[in-house]
Amino acid sequence: MKRIAIVEDERAIRENYIDLLTHHGYSVQGFPNRLEAQQSFASQLPDLVIIDIGLQDEMDGGFSLCQWLRAKSSSLPIIFLTARDNDIDMVSGFRLGADDYLSKDVSVHQLVARLSALFRRADLAQTPQAPKLIEVGHLSIDPERLRLSWKGCALDLTVTEFWLIHALAQHPGHVRARSHLMQAAQMVVDDATITSHVKRIRKKFQAIDKEFDAIDTVYGAGYRWNEAN
């Protein structure tokens, strides 16, 4: 049984989601604030975390918790579920490493579908299968274990970042529209959010290779993995 933690300061909302997700077969634990959640997660991480942004007296407590969680695990699925649905907060959430960002008016069916998609992606890393590596120049991708390296150096990526790179590098030289990248990463966001993800991905490559320039922006069309790399 998959273990989900929901960090939500409004008790009625928190308990409602706990009941709904328990009904769908998950083991769910709720927390009213960042500190209580971190105390629990310090000893054992759940399989997925759902976070509100405003947590009691911390207006951006959810952002701080996401950053703390991402420092502990690059692969833990993290979803923001919040009433703050403006573009600035959404982009901030993805920049901090969230895998999805949903408004609280999302239907239960859509929420459960998003959870299932994230669990399927995360489970690939645990599947004991022979590696099927994809080699593209200096890039090496292991889709079965969700591992990726550049010039022999492993990159610390979120699940979403991994699948975005995978979608680009599978067909080097071909332009991939933002809609295609969204489909590959199993997320529904706007163009600005995809742009934010790509910027963060570039920074991670450049942290180990200052000359990295394998991801081309094709203005008005999307992105392309440079065949020369």
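Here the structure is a predicted model, which is why all the values come from computation and not from measurement.
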**Request:** Report the C-alpha separation of H171 and R176 in whole Å, then their side-chain angles, then the decisive distance to 0.1 Å, and conclude whether the side chain to side chain contact (heavy atoms under 4.5 Å, CB included) test is met.
**Result:** CA-CA 9 Å; H171 304 283; R176 286 290 177 249; 2.7 Å; yes

**Prompt:** Does E211 come within less than 4.0 Å of K151, counting only side-chain N to carboxylate O?
**Reply:** no

**L111 CG to S103 OG distance, which is reported to the nearest 0.5 Å** = 11.5 Å

**Prompt:** Do V218 and F212 sit in the same hydrophobic cluster, where Ile, Leu, Val, Met, Phe, Trp and Tyr count as joined when their side-chain heavy atoms come under 4.5 Å apart?
**Reply:** no

**Request:** For the residue pair H166 and W163, categorise the inter-ring angle as parallel (less than 30°), tilted (30 to 60°) or perpendicular (more than 60°).
**Result:** perpendicular

**Salt bridge present between E10 and R14 (N-O < 4.0 angstrom)** = no

**Message:** Measuring only between side-chain heavy atoms, which start at C-beta, is L148 closer than 4.5 Å to F205?
**Reply:** yes

**Asked** Under a 4.5 Å cut-off applied to non-hydrogen side-chain atoms, are D99 and I79 in contact?
**Response** no

**Item:** Side-chain heavy-atom pair R178, H180 within 4.5 angstrom cut-off
**Value:** no

**Message:** What I'd like to find out is whether the side chain of I6 reaches to under 4.5 Å of the side chain of F31, using heavy atoms alone.
**Reply:** no

**Message:** Is the shortest side-chain heavy-atom distance between D216 and Y223 below 4.5 Å?
**Reply:** no

**Asked** Is there a path of hydrophobic side-chain contacts, each under 4.5 Å between heavy atoms of I, L, V, M, F, W or Y residues, that connects L65 with M59?
**Response** no

**Pairing residues for F80 by the ring-ring contact (aromatic ring centres under 6.0 Å, His included) criterion, not counting sequence neighbours** = F63, Y101

**Prompt:** Can R70 and S75 be counted as having a side-chain donor-acceptor contact under 3.5 angstrom?
**Reply:** no

**Fill in**
So OG of S140 and CG of L155: to nearest 0.5 Å the spacing works out to 11.0 Å

**Message:** As a quick check of understanding, evaluate side chain to side chain contact (heavy atoms under 4.5 Å, CB included) for E8 and L81, giving each step before the final call.
**Reply:** CA-CA 9 Å; E8 163 63 58; L81 184 61; over 6 Å; no

**Item:** Shared hydrophobic cluster for L164 and I134 (ILVMFWY, side-chain gaps under 4.5 Å)
**Value:** yes

**Minimum side-chain heavy-atom gap V7-L55 below 4.5 Å** = yes

**Asked** Is D47 paired with R3 through a side-chain N to carboxylate O contact shorter than 4.0 Å?
**Response** yes

**Asked** What's the verdict on side chain to side chain contact (heavy atoms under 4.5 Å, CB included) for R202 and T217, showing C-alpha distance, side-chain angles and the deciding distance?
**Response** CA-CA 11 Å; R202 283 186 176 124; T217 300; 2.8 Å; yes

**Complete:** Closest heavy-atom pair, W68 versus A42, reported as atoms and distance to 0.1 Å, is CH2-N, 4.0 Å

Could you list the donor-acceptor pairs under 3.5 angstrom formed by side chains in residues 18-28, with sequence neighbours left out?
unit_1, atom_1, unit_2, atom_2, d
T22, OG1, I18, O, 2.6
H24, ND1, L20, O, 3.0

**Test side chain to side chain contact (heavy atoms under 4.5 Å, CB included) applied to I51 and L69, step by step** = CA-CA 11 Å; I51 310 173; L69 284 167; 3.9 Å; yes

**Request:** Taking the side chain as every heavy atom from C-beta outward, state whether K2 and L48 have any pair of such atoms under 4.5 Å apart.
**Result:** no

**Fill in**
Output for pair (L96 CG, D60 CG), nearest 0.5 Å, gives 9.5 Å

**Request:** Nearest 0.5 Å please: distance from the CD atom of Q206 over to the CD1 atom of I201.
**Result:** 12.0 Å

**Asked** With distance as the sole criterion, is a donor-acceptor pair present between the side chains of Q56 and N33 under 3.5 Å?
**Response** yes

**Message:** Could you check whether any side-chain heavy atom of I4 comes within less than 4.5 Å of a side-chain heavy atom of F119, counting everything from C-beta outward?
**Reply:** yes

**Message:** Minimum heavy-atom separation for F162 and P143, please, with both atom names.
**Reply:** CZ-CA, 3.9 Å

**Prompt:** Quick check: does any side chain N or O of S149 sit under 3.5 Å from a backbone N or O of G152, one acting as donor and the other as acceptor?
**Reply:** no

**Request:** Could you tell me whether R84 and D52 make a salt bridge, using a distance below 4.0 angstrom between a side-chain N and a carboxylate O?
**Result:** no

**Prompt:** Can you get from V198 to I208 by hopping between Ile, Leu, Val, Met, Phe, Trp and Tyr side chains that sit under 4.5 Å apart?
**Reply:** yes

**Item:** Charged N-O contact under 4.0 Å between D209 and K204
**Value:** no

**Message:** So does I141 get a backbone contact from the side chain of R147, meaning a donor-acceptor N/O pair under 3.5 Å?
**Reply:** no

**Asked** Any luck finding a side-chain donor-acceptor pair between Q38 and R34 under 3.5 Å?
**Response** yes

**Under 3.5 Å donor-acceptor, T158 side chain and E161 backbone** = yes

**Request:** Check whether L181 and V175 end up in the same hydrophobic cluster, where Ile, Leu, Val, Met, Phe, Trp and Tyr are linked by side-chain heavy atoms less than 4.5 Å apart.
**Result:** no

**Message:** Rounded to the nearest 0.5 Å, what separates atom OG1 in T160 from atom CD1 in I165?
**Reply:** 11.0 Å

**Prompt:** For the residue pair A98 and C66, what are the closest heavy atoms and their distance?
**Reply:** N-SG, 4.0 Å

**Fill in**
Rounding to 0.5 Å, atoms CD1 (I53) and CG (D9) come to a distance of 11.5 Å

**Prompt:** Just by modelled atom types, is the S40 backbone N or O under 3.5 Å from a matching donor or acceptor in the S43 side chain?
**Reply:** yes

